[in-house]
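Have a look at the structure below before the remarks.
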Amino acid sequence: MVTTLTYDDYYAAEFKDEFATAVQIWNAAVSNVQIVKAQPGQRVNIRIYADNNWPRATLGPIRSTGSGSVWMGRTAVNQGYNVVRIATHELGHSLGLPDRRTGLCSDLMSGSSAPVSCSNAQPSAAERDQVQRNYSGFFGTKLDAKPTVITDSAGK
Ligand SMILES: [Zn+2]
């Protein structure tokens, strides 16, 4: 069974296009979960914001009954980090991937441990597999009482 999550980019300011691209990347990379834009009046699972801090996101896997937030932070954008890569990385958190600071550009969840010049926005095979597992089989309505928000600052 495919989980469909909705997102709302009303507050994504100048980053709407990059998030649309990031959503396309994830939808092409995995099949157990798909992300679609919320229609008016529909429940929103992932709310996207933009602000001047570091990018950050609620750690999922977010369920179709749950909700979380993603923030595009202009601090990282102004330091030159690739915006589509950031957007895809933060949505990776929504889908239940933690940070793995491997320093490798080929890893999406290496985040800012990869060089600033890294523009890879594709999840690795291992990262795809993990998301597929996060959304496979049956799961109940297990919801964290207190969602964790992961902040992606450089040099952490
Ligand atoms: Zn991160």
Side-chain angles (χ1 to χ4, degrees), residues 3 5-30 32-35 37 44-64 66-136 139 142-156:
T3 298
L5 300 177
T6 62
Y7 77 97
D8 183 288
D9 66 359
Y10 185 81
Y11 297 104
E14 69 270 39
F15 304 113
K16 289 180 169 66
D17 289 348
E18 286 86 352
F19 275 103
T21 301
V23 164
Q24 285 172 6
I25 288 172
W26 273 116
N27 286 346
V30 297
N32 287 349
V33 59
Q34 295 283 288
I35 307 170
K37 197 162 182 176
V44 175
N45 301 121
I46 303 172
R47 215 171 275 283
I48 298 171
Y49 299 94
D51 67 15
N52 296 327
N53 299 319
W54 287 99
R56 59 208 184 278
T58 310
L59 180 62
I62 291 171
R63 305 303 185 194
S64 56
S67 63
S69 302
V70 162
W71 289 264
M72 174 58 68
R74 294 190 185 89
T75 299
V77 176
N78 292 339
Q79 291 200 2
Y81 287 98
N82 183 277
V83 178
V84 175
R85 177 173 161 86
I86 297 171
T88 315
H89 173 103
E90 299 306 327
L91 287 175
H93 286 316
S94 305
L95 301 177
L97 295 180
D99 284 313
R100 288 215 166 79
R101 301 182 65 80
T102 61
L104 298 176
C105 184
S106 53
D107 290 338
L108 181 61
M109 301 316 292
S110 63
S112 62
S113 72
V116 174
S117 61
C118 173
S119 62
N120 171 47
Q122 297 290 333
S124 69
E127 290 166 339
R128 292 166 194 229
D129 288 350
Q130 181 64 59
V131 170
Q132 285 289 85
R133 280 196 300 276
N134 289 347
Y135 288 91
S136 72
F139 35 75
K142 182 173 100 62
L143 295 173
D144 289 333
K146 271 209 153 198
T148 307
V149 174
I150 291 184
T151 300
D152 287 304
S153 57
K156 199 183 78 175

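In this chain, numbering begins with 1 at the start of the sequence shown. Whatever order the structure lists them in is the order used to number ligands and atoms, beginning at 1.
- In this structure a side-chain-to-backbone donor-acceptor pair under 3.5 Å is present from Ser110 to Leu104.
- Side-chain atoms of Asn45 come within 3.5 Å of backbone N or O of Gly66 as a donor-acceptor pair.
- The two residues Thr88 and Trp26 come nearest to each other via the heavy atoms O-NE1, 3.0 Å.
- Between Asp152 atom OD2 and His89 atom NE2, the angle centred on the Zn ion (ligand 1) amounts to 90° (nearest 10°).
- The Zn ion (ligand 1) is closest to atom OD1 of Asp99 (considering only N, O or S atoms).
- None of the N, O or S atoms belonging to Glu90 lies under 2.8 Å away from the Zn ion (ligand 1).
- The minimum heavy-atom distance between Asp152 and His93, with the atom names listed, is OD2-NE2, 3.4 Å.
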